[in-house]
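Notes to accompany the following structure.
As a basis for the values below, the full set of heavy atoms in this structure was taken, side chains included, without hydrogen atoms, waters or symmetry mates. Below, chains carry the letters A, B, ... as their sequence lines are ordered, and counting in each starts from 1. Everything numeric in this text was worked out from a predicted model, so none of it was measured.
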Amino acid sequence: MSRSPRFLVASGVLLLCGAWSNQARAVGVAAGTNIDNTAQVTYSVGSVSATATSNTTSVTVAEILDAVVTLQTPSVPVVPGAVQQEMVYRLTNTGNGPETFQLQMTSSLGGDEFDPTPSSPSIYFDTDGSGDLTAGDVPYVAGSNDPLLAGDAFVTVLVINDIPVGATDGNRGFSRLTATARTGSGAPGTSFAGQGANGTDAVVGTTGGDGEATGQYLVASIAVNALKSQAVVDQFGGSRPIPGARINYTIVVSATGSGAAAGTVFNDAIPANTTYVAGTLQLNSVALSDAADADAGDFSTVPAARVRVQLGNLTQASGSQTIQFAVTIN
Amino acid sequence: MIQGTVKFIAAAVIACAFHAPAFAQANCVELKTTGEVEKEVVNDKGEKTKTLVAAADTKVIPGTEVIWTVTAKNACKESSDKVVITNPVPEHMTLVPGSVFGAGADVTYSVDGKTFAPAGKLTVTDNGATRAARAEEYRQIRWEFKNPIPAGSSAFGRFRATLN
């Protein structure tokens with residue numbers, strides 16, 4: 001009758017949203033566009049009025065070389081010895097014309113406790129858009145399939161590393177993705193005559209024509225456990241599971257090990273052929289309203305009946321968290 | 001050979017026919033537009049100064065401010081009166097507020113190319129409500145010169161616009 005509670009360790013979900021709101025904004029008019037100016041004049045000489053049109057002055061918009069790389073997975077929880085651990089990056093062409101970018105990754109960076117070992121290959125395109133390394137994802141080969149991005153377009157790139165066996169709890173390992181415009185990069189304002197889109201000049205923009213972002217792996221061997229128990233109370237004072245009887249569920253959640261299980265969410269489906277008893281959800285004996293509001297818990301029937309409790313960052317020091325709710329048998 | 005000559009004469013006649021109306025007009029005011037970009041240069045004293053270079057000779061990228069100058073030169077022997085220059089803000093560009101200049105001219109603006117009014121007096125309808133038009137919404141600039149332009153003299157209007 002009882003189902004195992006499902007856990008969703010939503011590490012970094014909030015940070016991810018932050019990365020999105022910081023989305024790169026590309027600049028306006030496309031490279032190669034002609035900006036024309038023609039004026040008109042009317043005047044009188046004696047009693048005769050006349051009109052004249054000026055020459056047309058034309059200016060061609062040059063191409064800006066700009067790239068922004070943003071990290072989509074701020075901290076990747078890993079265990080020592082794990083292979084093919086991915087970081088998700090997004091490369092956006094913030095210039096105003098189509099541009100090809102060269103990609104590079106490095107995991108030999110200072111400031112961390114271990115160097116992740118780049119897998120071979122170590123850069124993939126998230127070809128299927130899953131946000132995960134899957135069989136359909138195409139590896140990046142420098143000079144062969146450098147991404148060509150239209151102005152404002154982006155591509156999702158996966159950086160893949162193995163985690164050394166010797167890494168211990170709480171250790172961080174950094175890895176970085178760099179993208180550089182093929183036309184050129186350097187100090188903003190540097191120009192490349194005739195090398196922009198449609199034969200225009202290309203000018204290095206404010207990003208220097210390249211972009212980079214650094215992500216981290218965090219070794220954490222925390223395990224979240226849940227123990228579920230139930231007590232049946234029938235309407236005749238007994239404990240038979242008959243229609244109309246009530247089942248009181250108690251789930252004890254605890255974390256063991258080092259590190260933190262960030263943004264832990266307890267999710268439990270209401271068993272088939274039962275109905276949730278409104279207002280019975282509790283966390284550590286404190287009632288939680290059924291509505292999705294300021295308190296940690298809520299009950300929803302969409303898409304299927306379930307209760308949910310946001311447990312936040314759980315560590316071993318957090319101790320056990322006791323969740324209770326009740327259903328009646330239909 | 002004879003046929004060829006006949007064709008040549010015919011072509012010459014047509015060319016004259018096209019040019020004839022132009023000669024009939026009082027072609028007194030010649031209008032010229034130039035686009036320039038301010039560039040910072042270091043002079044021989046090591047000081048940073050700004051100089052104007054033709055926009056066509058420089059790299060114009062989104063965000064670049066172009067200084068447009070439209071000059072009306074009176075090439076006739078008589079003075080030209082009631083001189084009115086109209087210049088649209090070029091497509092893909094936005095007028096820099098307060099940048100319009102024209103000595104001896106009343107400057108008006110338009111958002112639709114039909115109604116012209118001084119700065120601050122133009123209105124636009126936004127979601128059914130009427131409000132003052134913002135400078136970046138001005139699409140046309142008009143200079144009405146108060147005095148006639150004497151023979152051989154020039155008058156000019158100038159504005160700055162930023163590439164979108």
Side-chain angles (χ1 to χ4, degrees), chain A residues 25-66 94-97 151-152 183-184 188-197 199-207 209, chain B residues 24-37 40 54-64 66 68-94 140-145 148-149 151 155 157 159 161-164:
Chain A
R25 190 184 65 87
V27 281
V29 184
T33 306
N34 280 324
I35 305 297
D36 295 333
N37 187 25
T38 312
Q40 254 205 351
V41 65
T42 60
Y43 59 96
S44 306
V45 177
S47 59
V48 183
S49 332
T51 302
T53 302
S54 75
N55 61 313
T56 297
T57 303
S58 191
V59 175
T60 306
V61 177
E63 181 182 342
I64 299 182
L65 304 171
D66 265 336
T94 52
N96 62 341
D152 221 7
T183 302
T190 308
S191 61
F192 302 93
Q195 291 187 47
T200 59
D201 295 335
V203 183
V204 175
T206 50
T207 65
Chain B
Q25 269 189 9
N27 230 0
C28 280
V29 175
E30 291 165 2
L31 199 62
K32 192 174 168 239
T33 68
T34 52
E36 291 167 304
V37 173
E40 203 169 69
D57 298 337
T58 182
K59 322 284 181 281
V60 175
I61 54 175
T64 302
V66 177
W68 295 103
T69 306
V70 50
T71 309
K73 187 183 181 213
N74 184 0
C76 282
K77 286 178 180 155
E78 300 164 74
S79 67
S80 292
D81 198 7
K82 297 176 190 157
V83 177
V84 178
I85 297 175
T86 308
N87 198 153
V89 176
E91 207 185 337
H92 307 299
M93 298 202 87
T94 305
Q140 303 252 356
I141 308 159
R142 178 169 282 179
W143 291 266
E144 289 179 51
F145 291 91
I149 304 177
F159 66 98
T162 308
L163 184 62
N164 297 338

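Using a 4.5 Å cut-off between heavy atoms, A/Val61 touches chain B through backbone and side chain atoms alike. When heavy atoms are compared at a cutoff of 4.5 Å, A/Thr33 approaches chain B solely by way of its side chain, counted from C-beta outward. Contacts of B/Val70 with chain A are made by side-chain atoms alone, with heavy-atom separations under 4.5 Å and no backbone atom involved. Only the backbone of A/Thr60 comes within less than 4.5 Å of a heavy atom in chain B; its side chain stays farther off. Heavy-atom distances place the backbone of B/Glu91, and not its side chain, under 4.5 Å from chain A. Neither the backbone nor the side chain of B/Thr71 comes within contact range of chain A, judged by heavy atoms closer than 4.5 Å.
Paired with A/Thr38 under the rule side-chain hydrogen bond (donor to acceptor under 3.5 Å, both in side chains), one option of A/Thr57, A/Thr56, A/Asn55, A/Thr53 passes, and it is A/Thr56. Among B/Thr64, B/Leu163, B/Asn164, the single residue meeting the side-chain contact (heavy atoms from CB on, under 4.5 Å) criterion with A/Ile35 is B/Leu163. Residue B/Trp143 is tested with B/Thr86, B/Asn87, B/Val84 for a side-chain contact (heavy atoms from CB on, under 4.5 Å); the sole match is B/Asn87.
Summarising the geometry, atom OG1 belonging to A/Thr51 is positioned 6.5 Å from atom CD belonging to A/Gln40; distances are rounded to the nearest 0.5 Å. One distance of note links OH of A/Tyr43 with CD1 of B/Ile149; it measures 10.0 Å at 0.5 Å rounding.
Among B/Ile61, B/Val83, B/Thr33, the residue making the largest number of heavy-atom pairs under 4.5 Å with chain A is B/Thr33. When B/Gln140, B/Glu30, B/Lys82 are compared by the number of non-hydrogen pairs under 4.5 Å with chain A, B/Lys82 comes out ahead. When each of A/Thr200, A/Asp36, A/Asn37, A/Asn34 is checked for heavy-atom pairs under 4.5 Å with chain B, A/Asn37 comes out on top. Of the listed residues (A/Gly46, A/Ser58, A/Ala39), the one with the most heavy-atom contacts under 4.5 Å to chain B is A/Ala39.
With no hydrogens or angles considered, no side-chain donor-acceptor pair links B/Asp81 and A/Ser44 at under 3.5 Å.
Here the side chain of A/Asp201 pairs no donor or acceptor atom with the backbone of A/Ala62 at under 3.5 angstrom.
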